[in-house]
Amino acid sequence: MAALLPLVVVWPLAATVIVFLSAGRIKGRSAGILATGAVGLSAMTGGVLAAGFMSGAVTYPLHVTLWEWMRVPGFSATIAFALDPVSLVMIAVVTIVGFLIHLYAIGYMAADPGSARFFGCMTLFVAAMLVLVLASDLLCLFIGWEGVGLCSYLLIGFWYDSPANTAAARKAFYITRIGDVAMLCGLLMMATATASLQIDGLLFAVTAGQLSPAVMTGSALLLLTGALAKSAQIPFQSWLPDAMAGPTPTSALIHAATMVTAGVYLLARLHGLFAAAAPAMAIMAAIGMLTLLVAACTALVQSDLKRILAWSTISQLGYMYLALGVGAWQAALFHLVTHACFKALLFLCAGAIIARVDHEQDIFRMGGLRRFMPGVTAAFVIGAGALAALPLVTAGFYSKEMILSAVWRGQPVLTPDFILSGHLLWGGALFGALLTALYIFRCVFLVFYGQEKTVPTGRTRWVMAVPLGCLAFLSVFVGCVEMPGDIAPVHLFTRFVDPAGMAFHPHEPVWLLLAGAITPVAGAGIAWIVWGRSGPVTRTIPETGGGTDDLLPVMPLRFVVRITRYDLPDRLAAAAGWMTRATSRMMMRARRAALHLAAERTAMVGREGTVVLVRMQNGRVRWYAGWIVAGLGAALAWAMLS
Amino acid sequence: MIGHDIFLPAPLPVLSAGTMVMLLAIAWRRSVIRSLVIAVVTLLAALVSVSHAFGTPPADGTGLFVQDRWAIYTALLILLSVLCIVFMSWRDLVRDAAHPTDEYPLLMMLGTLGATSMVFSASYMPFFLGVEILGISLMGLIASRHYRFAQATEAAMKYLILSGVSSAILLFGMGLAYGVSGSLAFVPPVAAAGFAPSMAQVATVMILAGMFFKLSAVPFHMWLPDVMEGAPPPIAAFTAVTAKIAIFASLVRYFGAGPLPPFMQGVIYAVIILTIMGGNLLALCQNSLTRLMACSSIAHMGYLLIAFFSPGRLQGGAMTVYLVAYTVSTLGVFTIICACAPAMGQDGNRITAWKGLFATNPLPATAMSVMLLSLAGIPPTIGFFAKFEIAGTGVELQRDVLLLVLVIGSIIGLYYYLNIIRVMMNGGVAPSLPIARQPQPELTALTIVLTIIVIMGGLFPGPALYPLLPATVKTMPARNLTGTPPEAPIMKTAIAPPAL
């Protein structure tokens, strides 16, 4: 059984090696089938492992040490995998969702000349992500972490002919790189303190109190920075919307389902360390809160379908960080799973739509599509419902409910004097849920209802339709593994990932549950009133300037429209933009004062040094001999005089 | 002393016998292939016999030769690298029917004999003979190219003259050493009674300067880029690898793996800094690949000198691993140059000729990238561990300035190594010539083997490298005319703070 564990990684890696070494001899379709098959094999291997796990044939945690990479006095690093419930859940997400997305991509990328390269990068990504997930040593995890960053860069810039795409790729790479550096610093800090980066050993050292609080808080903050950059949380949020320049399957797999959640996984894995670093937890919760609100507001005023989904991803990741910040890592993990399903579904639907409306991404230029593509519409609505957390019938409801109830009880402690109020955070999160329902149903009503503006062409092929169906099924039913106690006492998920933990959802006021259930419905209702009824104004392409006031008789709705269209988010965005600009100006000045000078000096030293050396290297033997003698003289003088 | 205690490590007579056989064969009838086969057989025989010896080492350690783990290890490295270089040159020599050059394998055998003699030597005599045999045969080899004759001759002349200067310095140092200590033992001299101690110091510094010339440490480095550019690529590899291994092994043997005498610390400190910075800065603006490799070789010698200068627990391992990494990576680069050169003109020297190699010839391009990454010290390759160990020696003894220079040098290095990869990936313009796919199985095989070594060494450094460790160095006991007890230990254990 233990021998199966490395195989999970080996399959996709082998596919990558074959595709890349064939140097274009394997054509797109075959490469797609090969890649999909490899990821499928990986999923099956994971399934066998899971079965062994359930039946008790394997005891966890299952450790497989592949080899010892290095050992020097004071530090050792091994390349080792470990399988425990948390990583099993992640394997399932990565391989199953990955498999479906690969299958979809066979159809989606069929016409692209570079699709072999695409599949090579995608399988490499899956392999790297699995390394990240399975690593039992933080150094090994870091290898996977860098690997997924690299693949993200390669895939965002997949259509490298357009400068905008390569710029987006570079932006993503640079911004996540800042986080990577912080993370590496955190790792080194822990390595110097504990002489190893074994996760188990590290957590043991934390619980045994071998680490000083300063080291723990410092390294926790540095790791948090790395995770935030990977997950595009404030202040690193700007790369993810631009990353939509990549092919849609990439957006679905990397920038929605898996890579951006790597930070959540890391923090969930190291929850013992973070539990001991209270300020880091409070900062995490605050950033999650802020991000989920800001990103939801921004999603409300976007007009590009993929960008709406990108902002929505950032917002949902904010929920996960909020849950991590209040210590409910199980809830974060659960939301990660459901989010992977429904957000992948939404992206794949968006891809199917965009492919059929002549690569139009502006939702205001779509409309009435439900009459042409009922299947995709149904899938998108299911995904939207899950994202908005419509009560009872969607997976998103259960995971979001779990987060909300955990946040209600949470008490993140920033400093002993300053404790964030869980109730306040809960209120924010609930408002976020309202905004979520609002923006995604705005999208639904604008794209699928009303009068058609672009007439779709072609058909959605079955290789693309099957994944949509599967993901829609998952988006509905995956939530059934964990339910609030008031509805049905099903706690399979928390029992599975955290057998020793206490039961979630203790007895709490029913109105909490009701509030969580009603808010999304209310949001969807408002969206219907504003955008669903064929009101001509809200459906037109927005221009800067007013013009809606006299057409909307009801004051609150006018307020909502004003919020969504122009005013408040615009002001907020403008204020944030102004602050960012001011900060960056200040940074710029500081850099000019210090860094710029240093850089210039370094360049100058390099230039001058080269010039001097090249001048010495003039090809004349007598000069060479002269230098030898001069060197000898200098050495003799130094040795004699010292 | 010579007559009664013959102790001879077996590779030396084997190589001499092979050379003799080859000479006889050439006198009888010229045939390049036969000479090459004889060379390969001789090298294999020498490899097999590398840990054997004739006679027993004298009990008091007064022989001409010594055979310890360090000597065996470096001799192995030399023989294997020469084997690689023979295979690298094979195709050029065999195809060049109009101009049979039997002298090429012959000189290569002689050079190998010289290099091997250097690493086994326990006395000035075999060391100096080795240096000269190596140097003179290298001169012939450098000039062996009959096309672009002028450059080759110029390079050979430069090497001859400058090598003469440095040999003179070396020999003068040895003479002084013999004069003040009355001994030819291969250790820093200790002045006998009645001689000024400073004379011994002058002798040591002069010998050191001679060795630095061969090692191409700055400011004695200038011959290397010119010579390597003029030489054919396999000979450039021979200069950069085999000769360097031999002289570095001798340097370590001479001063022993221990603290250096205090009066030399400042000099060595300065030379290391100059070498690393000089080599890297010089490489920054090169547009010829061979020159760039020469400059990078200078810089790598600087890194090696850090290990030499930092006697600690990690020293032996660092030197051992770094020599392997440097040898394999450099040989790999030159193998790929040999493989790709015919289609590029100018021996593949111009870096611009490598443009678009990833598109036209992915396998060599990938292998080349791996080798360059290894030279730059990027993780999945053996070069990372080598540099890691070097840095480890520096950290152990807290040579902070040297570590800083190491880091800066590596950063500069990244620029020019990655630049080559960038050029190879840049397929915007079609390469000047479509690369003809000539059958060259030996070069392909060599490339693959070296690539595998580089990657395996980076992934599994433990199993791959630990068997080599630790290569202990036996220091020759110091002796002098009067037979008084050696004073060397006093000199060696006095650890003075570094001069910088």
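For clarity, every value in this text was computed on a predicted model and none was experimentally measured. Every chain is numbered from 1 and lettered A, B, ... according to where its sequence line falls, protein lines coming before strand lines.
Closest heavy-atom contact between A/Trp638 and B/Gly266: CH2-O, 3.5 Å. Closest non-hydrogen pair, B/Leu162 versus A/Ala625, comes out as CD2-N, 3.6 Å. Smallest separation of non-hydrogen atoms from B/Phe220 and A/Ile628: CE2-O, 3.3 Å. Between A/Gly631 and B/Pro219, the closest heavy-atom pair is CA-CG, 3.9 Å. The two residues A/Ala639 and B/Val267 make their nearest non-hydrogen contact at N-CG2, 4.2 Å.
No more than 12 heavy atoms of other residues, nucleotides or ligands shown are found within 6.0 angstrom of CH2 on A/Trp627. Remark: B/Trp223 CH2 is packed, more than 12 non-hydrogen atoms of other residues, nucleotides or ligands lying under 6.0 Å away. Within a 6.0 Å radius of CH2 in A/Trp67, more than 12 heavy atoms belonging to other residues, nucleotides or ligands are found. Heavy-atom contacts from other residues, nucleotides or ligands closer than 6.0 Å to CZ of B/Phe172 number 12 or fewer.
Within the model, atoms CG of A/Leu632 and CZ of B/Phe212 stand 11.5 Å from one another, a figure rounded to the nearest 0.5 Å. If you take OG1 on B/Thr366 and CG on A/Leu21, they are separated by 7.5 Å, rounding to the nearest 0.5 Å.
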Could you tabulate the donor-acceptor pairs under 3.5 Å formed by side-chain atoms of residues 142-152 of chain A, not counting sequence neighbours?
from: A/Trp145; atom 1: NE1; to: A/Asp180; atom 2: OD1; distance (Å): 2.9
from: A/Glu146; atom 1: OE1; to: A/Arg177; atom 2: NH2; distance (Å): 2.6
from: A/Ser152; atom 1: OG; to: A/His255; atom 2: NE2; distance (Å): 3.2

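At a threshold of 4.5 Å between non-hydrogen side-chain atoms, the residues B/Ile161 and A/Tyr624 do not count as touching.
Using a 4.5 Å cut-off between heavy atoms, B/Ile408 makes no contact with chain A at all. Only the side chain of B/Leu284 comes within less than 4.5 Å of a heavy atom in chain A; its backbone stays farther off. The contact between B/Met206 and chain A is made by backbone and side chain atoms together, counting heavy-atom distances below 4.5 Å. For a residue to count as touching a neighbouring chain, one of its non-hydrogen atoms must lie under 4.5 Å from one of that chain's; by this rule B/Phe388 touches chain A with the side chain only.
For the set B/Glu396, B/Glu154, B/Gln201, the entry with the most heavy-atom pairs within less than 4.5 Å of chain A is B/Gln201. With chain A as the partner, the residue from B/Leu282, B/Val165, B/Val218, B/Ile268 showing the most heavy-atom pairs under 4.5 Å is B/Leu282.
Aromatic ring orientation, A/Trp69 versus B/Phe384: parallel (interplanar angle below 30°, classes split at 30° and 60°).
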